[in-house]
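Not measured: the values here are computed from a predicted model. Counting starts at 1 for both ligands and their atoms, following the listed order.
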Amino acid sequence: MSRLFRAVIMGPPGSGKGTISERIARGFGLQHLSSGDFLRENIASNTEAGVLAKTYIEKGLLVPDHVMTRLLLPRLEEMTCHSWLLDGFPRTLAQAEALNSSCELDLVISLNIPLETLKERLSHRWIHQASGRVYNMCFNPPRVQGVDDITGEPLIQQDDDKPEALVARLRHYKDVAKPVIDVYKAKGILHTFSDTDTDRIWPYISSLLSAKIPTDIADAQRASTH
Ligand SMILES: Nc1ncnc2c1ncn2[C@@H]1O[C@H](COP(=O)(O)OP(=O)(O)OP(=O)(O)O)[C@@H](O)[C@H]1O
Ligand SMILES: Nc1nc2c(ncn2[C@H]2C[C@H](O)[C@@H](COP(=O)(O)OP(=O)(O)O)O2)c(=O)[nH]1
């Protein structure tokens, strides 16, 4: 069995994690696991962890580390035969330490995007809540405004995507993400990208992954996901 590839993508709300994760999953066959989507699935299926997580998310708080790791690490154990890309986890040092004790990461991508760009992007972000599909009226609009391309169900804008909520979320993100970034910088696996345009960042990320992911793994993953 060829060695598997383990990566994490980090960045503040609106930085393009979801957008870039989709492109990485499509182009390199890595399984994309978004902590936010995984929580929404647990909330939708009313699991014990989902019910508990909902009480925090509804207040705009992070889900406590022990709940998050207890939920996510078993999910990663189910993916031992896949190369994967984690999006939205780890967010805190405790989560990073829990992850590092259960597996060795190959690469961490950190997106460093200006506040004004984040504000602009999130003011145009529309989401199909049930699937987590993300649209942007300026970047990737739905075929019909306000309606999900696949289900035809209405799209919503998240309250905490509003500019007044973003500054607080950004400050909180920076506070909790900094020690995590420092850990991965010290491990020599952190790659930071700064730009206002995802399409300008993408070629650099794509060539980094092409260099880092051995071709036998990429080919095997693409074959297994088609
Ligand atoms: N690793 C995590 N640790 C704790 N809470 C989390 C984690 N990942 C997600 N959550 C909770 O789930 C919510 C939704 O997560 P999701 O990633 O979808 O959106 P977000 O982080 O709020 O914003 P964005 O996706 O724009 O970065 C978060 O606001 C947070 O409350
Ligand atoms: N205008 C513009 N919008 C972009 C760009 N990259 C991503 N977006 C959109 C897609 C989303 O609606 C929003 C945030 O992107 P996202 O992928 O949801 O970010 P994240 O919250 O997962 O980190 O901005 C980009 O380069 N330009």
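- Inter-residue side-chain proximity for Phe139 and Thr19 is flagged as met; some heavy-atom pair is nearer than 4.5 Å.
- Distances from atom 8 (N) of ligand 1 to the protein include at least one heavy-atom value under 4.0 Å.
- Comparing Arg91, Lys17, Met10 against atom 27 (O) of ligand 1, the shortest heavy-atom distance belongs to Lys17.
- Salt-bridge formation is not detected for the pair Arg171/Asp175: no Lys NZ or Arg NE/NH1/NH2 atom is positioned less than 4.0 Å from an Asp or Glu carboxylate oxygen.
- At least one N/O-N/O distance between Ser35 and ligand 1 falls below 3.5 Å.
- The nearest heavy-atom contact from the protein to atom 25 (O) of ligand 1 is Arg125 NH1, 4.2 Å.
- Atoms of ligand 2 found under 4.0 Å from any heavy atom of Thr19 (numbered from 1 in listed order, with element): 7 (C), 10 (C), 15 (O), 16 (P), 17 (O).
- His191 and Ser110 share no donor-acceptor pair across their side chains, judged by distance under 3.5 Å alone.
- When each atom of ligand 2 is checked for a heavy atom of Asp197 under 4.0 Å away, the hits are 26 (O).
- Salt-bridge annotation for Asp106 and Arg6: absent, with no side-chain N of the basic residue lying under 4.0 Å from a carboxylate O of the acidic one.
- Remark: ligand 1 and Pro12 share no N or O pair separated by less than 3.5 Å (distance only, no angle test).
- In Leu39, the part holding a heavy atom less than 4.0 Å from any atom of ligand 1 is the side chain.
- Those atoms of ligand 1 with a heavy atom of Gly36 less than 4.0 angstrom away are 15 (O), 16 (P), 17 (O), 18 (O).
- Ranked by closest heavy atom to atom 11 (C) of ligand 2, the top entry among Leu118, Val134, Ile113 is Val134.
- Among Asp199, Thr198, Asn140, Thr117, the residue whose heavy atom lies closest to atom 6 (N) of ligand 2 is Thr198.
- A salt bridge links Arg23 with Asp199: the distance from a Lys NZ or Arg NE/NH1/NH2 to an Asp or Glu carboxylate oxygen falls below 4.0 Å.
- Taking any N or O of Asp160, backbone or side chain, none lies under 3.5 Å from an N or O belonging to ligand 1.
- Heavy atoms of Gly11 come nearer than 4.0 angstrom to ligand 2 in no pair at all.
- Within the listing of ligand 2, atoms 17 (O), 19 (O), 20 (P), 21 (O), 22 (O), 23 (O) sit less than 4.0 angstrom from a heavy atom of Lys17.
- Residue-ligand proximity, Gly18 to ligand 2, at heavy-atom distances under 4.0 Å covers atoms 17 (O), 20 (P), 22 (O).
- Atoms of ligand 2 lying under 4.0 Å from any heavy atom of Tyr135, numbered from 1 in the order shown and given with element: 12 (O).
- Between Arg133 and Asp37, no side-chain nitrogen of the basic residue sits less than 4.0 Å from a carboxylate oxygen of the acidic one, so the salt-bridge criterion is not met.
- In this structure, Glu120 contributes its side chain and Glu116 its backbone to no donor-acceptor pair below 3.5 Å.
- The closest heavy-atom contact to atom 19 (O) of ligand 2, among the options Gly16, Pro12, Pro13, Gly132, comes from Gly16.
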